[in-house]
There are 2 protein chains.
Amino acid sequence: MRLTTKGRFAVTAMIDLASRQADGPVTLAGIAERQKISLSYLEQLFGKLRRHDLVSSVRGPGGGYRLARDIAAITVADIIIAVDEPLDATQCGGKENCHDAHRCMTHDLWANLNKRMYAYLDSVTLDALVNRRVQPDADMAVLRNIRRRATPSTVREIAAI
Amino acid sequence: MRLTTKGRFAVTAMIDLASRQADGPVTLAGIAERQKISLSYLEQLFGKLRRHDLVSSVRGPGGGYRLARDIAAITVADIIIAVDEPLDATQCGGKENCHDAHRCMTHDLWANLNKRMYAYLDSVTLDALVNRRVQPDADMAVLRNIRRRATPSTVREIAAI
DNA sequence: ACATATCCCGACAAAAACGATCAACTACTC
DNA sequence: GAGTAGTTGATCGTTTTTGTCGGGATATGT
């Protein structure tokens, strides 16, 4: 599980698409203009999204993209995986060349963390995003932790998230 | 909030450090050897970790790095933020140059998602990682979702997470 | 003095992010 | 039914990020 600006672009674009597909196929040019993402980059992203069966394309005038599934059956995790594919698979393929036991422990821990993150992102559907049904209770948890162990530097960085 | 291999390396190194600091300062050379990360890269990462007050250094023979705070007061989010700094701040600085209302909505949604992720990563402390107290209940949720909307392609990719 | 550390820097290759350009397809018009 | 404009689709080039290598400076315990 990797989370980069690429994934963010893809999610942003998919939200735009999802909230406009009622009027027929949505063009990449439109998404590019509204979301300020370069058309070329969108073309690449949607190529991947199409190959992962998240969107379907209609060519020619009046064409564009549609969601390939129901809006409630596409999650943020789907989009990010489609766009960020390779995902080095924790460079020690599950068992070998982990020299001592300690290294593998670290890997297990990270893999577990990965699963948790995936589970969360997979619980957020496009539908929930478009219709603003994403619970905003996170702020409270964050603030609680910040207050518990704030240092001059952390406070500054939190603002930049 | 960005999640790349760089952050993973930093977390791995911090776990190694945390689980060995009982015997005094831990050298980067040791971490490099055990975790198979290049020494130069570790130096760069720990420079940032030190400037963010997550670790403190002791120079000279017998020196190395220590955690600057209690092991339970350092979270995965702390480490990732320290190491992945710039974080473009969602390129429309919170208010301006969002041309139509729709764009800002998308940004809000993403920002909210970011907060949720941060909240989760901030809830996982180094202590919890080292002492294996990270709940593995995620698998169930993942499997539930996969079963709900599996396609030939997704199934293949899930295996690669 | 010497060996062992952190620190700081510049150069570099490989990979990923991002962008531009051109080819292929298709609905519409005439 | 041929042309044309609006699209997607694929390929290549440039810039940024990752990760490594090497060298040198500074601090410090023995």
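Every chain is numbered from 1, with letters handed out A, B, ... down the list of sequences.
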Write down the distance between [atom1] ([X]) and [atom2] ([N]), rounded to a whole number of angstrom.
{"X": "B:Y41", "N": "C:dC8", "atom1": "OH", "atom2": "C1'", "result": "17 Å"}
{"X": "B:E33", "N": "C:dA5", "atom1": "CD", "atom2": "C1'", "result": "17 Å"}
{"X": "B:K48", "N": "D:dG19", "atom1": "NZ", "atom2": "C1'", "result": "12 Å"}
{"X": "A:I37", "N": "C:dG19", "atom1": "CD1", "atom2": "P", "result": "9 Å"}
{"X": "B:L42", "N": "D:dT18", "atom1": "CG", "atom2": "C1'", "result": "14 Å"}

>> Check this one for me: any side-chain N or O of A:R2 less than 4.0 Å away from OP1 or OP2 of C:dA15?
In response: no
> Can you find a side chain N or O atom of B:S38 that sits less than 4.0 Å from OP1 or OP2 on D:dC21?
Replying inline: no
Sequence-distant partners of [X], side chain to side chain contact (heavy atoms under 4.5 Å, CB included), two or more places apart:
{"X": "A:T27", "value": "A:A29"}
{"X": "A:R59", "value": "none"}
{"X": "A:E43", "value": "A:L28, A:L39"}
{"X": "A:S38", "value": "A:S40, A:Y41"}

> Can you name the residues that form a salt bridge (Lys or Arg N to Asp or Glu O under 4.0 Å) with B:K48, not counting sequence neighbours?
Replying inline: B:E85
> Considering only side-chain heavy atoms of A:T5, which listed nucleotide, D:dG19, C:dA16, C:dC18, is closest?
Replying inline: C:dC18
>> Counting primed atoms plus P, OP1 and OP2 as sugar-phosphate and everything else as base, spell out the protein contacts along nucleotides 6-16 of chain D at 4.0 Å heavy-atom distance: B, S or - for each nucleotide, 5' to 3'.
In response: BSBBB------
>> I need the B:L49 CG to B:I79 CD1 distance, nearest 0.5 Å.
In response: 7.0 Å
